[in-house]
Amino acid sequence: RVIDSHTIGEPTRLVLDDAVLAGLDLGAGTVRSRREVFRSRYDDVRRALVTDPRGVEAMVGVILVPPADPSCDLGAFYFNRVGFLDMCGHATIGLTVSLGYTGRITPGPFRLETPAGVVGVEWHGGSDASFQSVTPRRIHRGLAIRCPDGSVVTGDVATSGLWFFICRDHGLPIVPEAIPQLLEKAWALRRSLEAAGVTGDGGELIDHIVLMGPPLDPANSARNFVLCPDGAFHRSPCGTATSALVGCLHEDGLLAEGEAWRQESILGGLYEASIRTRDRLLVPTVRGRAWITSEATLHFAADDPYRAGFPQAIRRDS
């Protein structure tokens, strides 16, 4: 049994079947360590849940597990059609609204253990939820990257649970009509970062590319296009990217503590974000909306050649 939602257009699939989850032998330990057991033993389950023919492009799946951290109420890990994610902001909003819809939580805050760390979450009721991601960090500011076409762009390499290259001088309009060109540019940047040996401080791939632009609505702060690891573009403004962004803005003196940052997506969806200091650490908050799209029972016939999804996810790489 699954429940599907979309967070301002970006799909999430939450597994709700307690009997199936109880049958997964993930061992003990942190959510991160159990995620690694799932990766090694049950990757066919990941593919079956979110790849063709049962999944859709850009879908992120969520598995709930008991938390190891005694301060947390729930644990969760995330995956897409090409692998696993340490954190996912849109899916956190989606799982929160889904849990509220099913009556598993009531309006108010709770703490969620993720592979990236502990995330504060609040269901505000209805379609409205927010999360406080892990502390943002920036390891490169104004890093110059040469693209295969000879152009040079600059950007920041930062994280708030996932790694991003955040670029403003890419020269393209952030509008739906330019999505093919934005995909091409973002893939060129990702390949160039990898070729140049630019990684996270633990050797992680910089597998999310954020192209920034001015907002279409002057009441908002900025607009973005985000390339995800599976080659899809992010339909929402990407909650984890927005968390990393507000950390960079605050560090540059461009966003005061508690000041609202209103981030548009390429499709016009909106997150409202802010940042505060708690115990000398920066804490970003992102608020958005998600809607239930379906409740379903997935079937896996023994003679179905795609019982476990396609054997290799199809990634759009321009």
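Residues take their numbers from the sequence shown, with the count starting at 1.
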Original post:
Atom CD in Glu184, atom CG in Leu172: separation rounded to 0.5 Å?
Top reply: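 Reported to 0.5 Å precision, the distance equals 9.0 Å.
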Regarding [X] and [Y], does a basic nitrogen lie under 4.0 Å from an acidic carboxylate oxygen?
X	Y	value
Arg262	Glu272	yes
Asp25	Arg41	yes
Asp18	Arg1	no
Asp252	Arg141	yes
Asp43	Arg46	yes
Asp128	Arg289	no

Checking [Y] against [X]: is there a side-chain donor and acceptor pair closer than 3.5 Å?
X	Y	value
Asp169	Thr154	yes
Gln132	Arg278	yes
Tyr271	Glu264	no

Original post:
Does Arg235 make a cation-pi contact with Phe233, if we ask for NZ or CZ under 6.0 Å from the ring centre and within 45° of the axis?
Top reply: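 Satisfied, under 6.0 Å and within 45°.
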Original post:
Under 4.5 Å between side-chain heavy atoms, hopping through other hydrophobics if needed: is there a path connecting Phe110 to Ile3?
Top reply: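 Yes, Phe110 connects to Ile3 through the hydrophobic network.
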**OP:** Sequence neighbours left out, what pairs pass side chain to side chain donor-acceptor pair (under 3.5 Å) with at least one residue falling in residues 102-113?
**Re:**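 Applying side chain to side chain donor-acceptor pair (under 3.5 Å) to every pair that reaches into residues 102-113, excluding sequence neighbours, yields Ser71-Arg111.
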Original post:
How about Tyr78 and Phe84: are their ring centroids closer than 6.0 Å?
Top reply: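 No; Phe84 has its ring centre 6.0 Å or more from that of Tyr78.
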Original post:
Does the separation of the ring centres of His90 and His6 fall below 6.0 angstrom?
Top reply: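 Here the rings of His6 and His90 have centres that are no less than 6.0 Å from each other.
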Subject >> Option from Thr199, Leu193, Asp201 for which side-chain contact (heavy atoms from CB on, under 4.5 Å) with Trp163 holds >> reply: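 For Trp163, the side-chain contact (heavy atoms from CB on, under 4.5 Å) check succeeds only for Asp201.
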Original post:
Quick one: side-chain hydrogen bond (donor to acceptor under 3.5 Å, both in side chains) partners of Asp156, sequence neighbours excluded?
Top reply: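 Here the qualifying residues are Arg138.
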Subject >> Set of side-chain contact (heavy atoms from CB on, under 4.5 Å) partners for Ser5, sequence neighbours left out >> reply: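 In terms of side-chain contact (heavy atoms from CB on, under 4.5 Å), with neighbours along the sequence ignored, Ser5 is linked to Thr12, Ser98, Ile292.
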